[in-house]
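Worksheet: one structure, shown below.
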There are 4 protein chains.
Amino acid sequence: MSDPTTDTPRRSETKHRAILEAAARCVGRDGYAATSIEAVAAEAGVGKQTIYRWWPSKPALFVEVYSALVNRTLLSPDGAMAAAPPGRPVSELLRRLFGLYRSTPAGSILAGLIGAAAEDAQTRAAVRDGLVLGRRSILLDRIRGAAPAGTDRSRMEHVNDLIVSMIWQRLIMAPEDLTDSFADELAQLVDTVGHAR
Amino acid sequence: MSDPTTDTPRRSETKHRAILEAAARCVGRDGYAATSIEAVAAEAGVGKQTIYRWWPSKPALFVEVYSALVNRTLLSPDGAMAAAPPGRPVSELLRRLFGLYRSTPAGSILAGLIGAAAEDAQTRAAVRDGLVLGRRSILLDRIRGAAPAGTDRSRMEHVNDLIVSMIWQRLIMAPEDLTDSFADELAQLVDTVGHAR
Amino acid sequence: MSDPTTDTPRRSETKHRAILEAAARCVGRDGYAATSIEAVAAEAGVGKQTIYRWWPSKPALFVEVYSALVNRTLLSPDGAMAAAPPGRPVSELLRRLFGLYRSTPAGSILAGLIGAAAEDAQTRAAVRDGLVLGRRSILLDRIRGAAPAGTDRSRMEHVNDLIVSMIWQRLIMAPEDLTDSFADELAQLVDTVGHAR
Amino acid sequence: MSDPTTDTPRRSETKHRAILEAAARCVGRDGYAATSIEAVAAEAGVGKQTIYRWWPSKPALFVEVYSALVNRTLLSPDGAMAAAPPGRPVSELLRRLFGLYRSTPAGSILAGLIGAAAEDAQTRAAVRDGLVLGRRSILLDRIRGAAPAGTDRSRMEHVNDLIVSMIWQRLIMAPEDLTDSFADELAQLVDTVGHAR
DNA sequence: TCGTAATCGAGACGGTACGTCCCGTCTTTTC
DNA sequence: GAAAAGACGGGACGTACCGTCTCGATTACGA
């Protein structure tokens with residue numbers, strides 16, 4: 001969506017970052033739905049057209065904002081942990097994710113994107129490509145690590161779907177309930193479903 | 001939501017029904033997001049204010065439209081089946097539900113409502129009160145009927161949540177995949193999770 | 001416009017008066033333009049239809065409200081004075097009229113009616129019939145009394161028109177300038193124009 | 001109301017003119033009261049917001065429409081006449097003015113504006129500033145030219161007020177009577193009042 | 001004395017216009 | 001010669017009244 005090496009020349013990386021950060025700030029302040037492109041442009045000190053030049057729509061922009069937030073906070077800073085998580089890797093990952101949703105606008109953004117996806121096919125595609133498919137392995141790898149030996153791949157994917165669905169549902173209907181204990185409850189599913197039969 | 005004994009007197013039941021039906025027709029034709037209150041009013045041959053008089057917002061209206069569609073099609077007509085479903089009650093219910101989503105705008109409406117709920121707290125409340133809480137027992141009763149004896153209530157509620165989450169997720173991201181085989185797959189969860197440990 | 005002997009039987013004279021008074025109160029409080037028929041009905045404790053049953057429109061109602069105010073305050077109470085005004089009859093009448101515009105909503109109502117007449121032919125007719133023609137002689141009689149002997153009728157009517165026009169213009173553009181000295185200034189016209197050549 | 005140096009930069013002069021012309025056309029077709037901002041926008045092929053961006057209200061727009069009509073038709077085209085009017089300058093001016101009211105929507109607009117001014121203080125101010133004060137000298141100059149030598153300024157202003165009031169009253173109550181003979185009658189006032197005493 | 005019919009309060013109804021908001025595109029001006 | 005600033009066409013929003021209409025409840029006459 002904005003690979004700096006792929007984008008046309010002359011794009012200012014400074015502006016790019018300023019826009020992403022302004023967008024995050026706006027959502028943090030006003031919420032996803034109440035954030036207009038105009039507001040983001042003003043907040044970033046940028047013309048509206050500069051946003052539309054690089055992103056086709058508000059959801060497309062925020063798919064990238066969400067990615068940036070998650071990448072920066074969840075993965076990059078201590079890549080060590082990401083590479084070698086402690087004993088209960090699924091629960092650990094979810095706790096970190098929910099903490100991110102509490103401390104940054106990422107949760108609001110994701111909820112808003114899911115909402116927008118429900119209403120518009122193009123957004124649906126952007127969300128699927130940008131958020132679902134590209135990030136699937138992050139959780140799936142940990143499920144694989146935690147599942148009993150011999151669990152087949154499709155069952156692990158099934159568990160993955162269950163966990164993601166539950167998170168999405170809560171993100172939309174009761175974001176304040178994305179607690180650590182809910183993370184543990186979801187992590188349980190790996191065993192419950194993995195061991196079944 | 002429209003209890004005739006609660007509504008102020010003298011509401012025209014004719015208009016009420018005309019509006020619900022017009023709303024369903026509009027969503028069927030244009031989709032949820034592209035349906036405006038103005039369009040519903042025009043389709044129903046009704047003044048805009050007549051809609052705003054009785055529903056505070058578009059989502060509130062469609063919560064009732066959805067309820068009416070589901071009640072009419074899923075529950076009322078052959079109450080017998082509702083009362084005494086055949087052998088695999090969960091799968092049966094879900095198949096009927098998905099069939100409804102394919103043959104009426106109910107699926108589009110629910111997806112749109114979930115999307116709107118993600119963006120607005122008032123809608124969230126309306127959806128929770130009108131769609132989640134009030135309808136929970138429909139599925140839960142069948143899960144109870146299908147679960148192995150001795151399964152405790154909280155586990156059955158957990159299964160209920162899993163199934164509903166999975167449905168919502170698909171409704172938003174891939175409505176065309178709400179197939180009979182997906183219904184069976186979900187019904188499986190009653191055993192998988194119910195039997196665990 | 002509401003002759004009690006002409007109106008269909010059974011009309012409640014109580015309501016009739018209540019409506020006129022409520023209307024005057026509303027204009028006094030909110031101004032003519034901001035006064036809706038709904039508000040008058042509520043203020044009078046009367047159904048909207050009860051107003052529309054007897055008056056075809058808002059201006060028609062207020063033509064009568066204005067007449068009632070002027071009749072009650074300007075003419076009736078001390079009819080003696082009306083019959084035998086002191087030395088400078090025109091100036092005296094205008095001072096009394098301007099006082100009425102300051103102490104009651106009559107001025108606002110007349111201004112509003114003139115405004116409405118400008119926008120709608122029916123109102124124009126109602127104003128002409130109810131306010132202009134019917135009341136012409138009140139001022140004209142006094143002009144006749146004050147004009148030099150031998151002044152012909154058409155010249156007196158011309159003076160009458162001049163005075164009325166000047167009042168209307170001020171009523172609309174600067175109602176606060178309907179002062180006693182303006183009354184005197186207008187009364188001067190009787191001599192100025194009357195004596196000319 | 002539209003000084004190009006005062007308006008914020010980048011206003012499209014094309015649209016500006018298109019709106020003024022569309023507004024005149026609408027009033028000519030439907031009358032002032034029946035002309036909505038929406039209709040003007042549609043007629044001009046312009047978004048409603050483009051009108052609201054530059055004029056705060058319908059009367060403000062039409063003050064400018066009126067000015068444009070009068071300037072174009074009464075003053076500019078043959079400036080010669082404006083500079084050196086023939087023998088009876090007041091009568092001549094009024095005849096031209098009444099002709100304008102007959103041949104363009106200017107009369108309807110002025111009547112509507114006067115009506116609106118009666119109902120709303122803001123409009124009153126707009127009319128006073130835009131139509132009364134700014135245009136006063138057009139007539140006053142001609143009165144000065146026609147009045148007997150030695151007539152003092154305040155008396156000439158008085159005559160001016162009388163003439164304007166009479167015109168307004170007729171514009172509202174009987175626009176079809178703004179005839180040439182009425183123009184002459186009004187012009188008479190210059191002598192009648194000017195010579196008095 | 002009582003129907004019975006019109007009037008009444010209440011307010012729902014189809015409509016029209018309002019003035020605001022934001023979308024995504026287009027245009028001008030500035031650096 | 002790119003980008004800020006923001007004007008633009010468009011379309012939906014939710015509100016306010018308009019004047020008409022439909023309800024029972026009340027009221028006041030004529031039988």
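Side chains are part of it too, since the values below use all heavy atoms of this structure and drop only hydrogens, waters and symmetry mates. Each chain gets a letter, A, B and so on, in the order the sequences are listed, and its residues count up from 1.
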Toward the 5' end of DNA chain F, which comes first, C/Ser57 or B/Glu38, by nearest nucleotide?
B/Glu38
On a heavy-atom basis, the closest approach of A/Leu69 and A/Pro105 is CD1-CD, 4.2 Å
Let's go through C/Arg53 and C/Thr50 carefully: what are the C-alpha distance in whole Å and the side-chain angles of both, what is the deciding distance for side-chain contact (heavy atoms from CB on, under 4.5 Å) to 0.1 Å, and is it a yes or a no?
CA-CA 5 Å; C/Arg53 206 183 333 271; C/Thr50 302; 3.7 Å; yes
To the nearest Å, how far apart are D/Ile51 CD1 and E/dT20 P?
13 Å
Taking only side-chain N and O atoms of A/Ser36, does any of them lie within less than 4.0 angstrom of OP1 or OP2 on E/dC22?
no
Nearest whole angstrom, please: distance from the P of E/dG9 to the CD of C/Gln49.
11 Å
Would one find a side-chain N or O of A/Thr50 under 4.0 angstrom from OP1 or OP2 of F/dA4?
yes
Is any side-chain N or O of B/Trp54 closer than 4.0 Å to OP1 or OP2 of E/dC13?
yes
Output the rounded distance in Å from NZ (B/Lys48) to C1' (F/dC18).
16 Å
side-chain contact (heavy atoms from CB on, under 4.5 Å) assessment of B/Arg11 paired with B/Trp54:
CA-CA 9 Å; B/Arg11 172 177 196 171; B/Trp54 301 108; 3.3 Å; yes
A/Leu61 CG to E/dG24 P, in whole Å, measures 11 Å
Could you tell me the separation between the NE2 atom of A/His16 and the P atom of F/dA3, rounded to a whole number of Å?
13 Å
Side-chain atoms of C/Tyr52 come closest, of F/dG19, F/dA7, E/dC22, to F/dG19
Using a heavy-atom cut-off of 4.0 Å across all strands, would you classify A/Lys15 as base, sugar-phosphate, or nothing?
sugar-phosphate
With each end axis built from five pairs of C1' atoms, what bend angle do you get for the helix from E/dT1-F/dA31 to E/dC31-F/dG1? Round to 10°.
20°
Set out, in order, the CA-CA distance, both residues' side-chain angles and the distance that settles side-chain contact (heavy atoms from CB on, under 4.5 Å) for B/Thr35 and B/Tyr32, then state yes or no.
CA-CA 5 Å; B/Thr35 296; B/Tyr32 178 86; 5.8 Å; no
Identify the two heavy atoms, one from A/Arg124 and one from B/Met173, that lie closest to each other, and give their separation to 0.1 Å.
CD-O, 3.3 Å
Within residues 112-125 of chain A, which residues have any heavy atom lying less than 4.0 Å from an atom of DNA chain F?
none
Testing the basics here: between D/Ala68 and D/Leu20, what is the closest heavy-atom pair and its distance to 0.1 Å?
CB-CD1, 4.4 Å
OP1, OP2 of F/dA7 versus side-chain N and O of D/Ser12: anything below 4.0 Å?
no
Apply the test side-chain contact (heavy atoms from CB on, under 4.5 Å) to residues A/Val65 and A/Val27: give CA-CA distance (whole Å), side-chain angles for both, the deciding distance (0.1 Å), then the verdict.
CA-CA 10 Å; A/Val65 174; A/Val27 171; over 6 Å; no
Selected nucleotide, minimal atom distance to C/Val46 side chain, candidates E/dG9, F/dG14, F/dC17
E/dG9
Hey, which sits more toward the 5' end of DNA chain F by its nearest nucleotide, C/Ala34 or B/Ala39?
B/Ala39
If you check every side-chain atom of B/Arg10, which of F/dG14, E/dG11, E/dC22 has the closest atom?
E/dG11
Length of the line joining A/Tyr32:OH and E/dC22:P, which is rounded to integer Å
15 Å
Send over the distance from B/Asp30 CG to F/dA12 P, rounded to a whole Å.
10 Å
Of all the choices, F/dC18, F/dA7, E/dC8, which nucleotide is nearest to the side chain of C/Arg53 once you look at every atom?
E/dC8
Between D/Arg11 (CZ) and F/dG9 (P), how many Å, whole number?
12 Å
Nearest heavy atom decides the nucleotide; on that basis, is B/Gly47 or A/Lys58 closer to the 5' end of DNA chain E?
B/Gly47
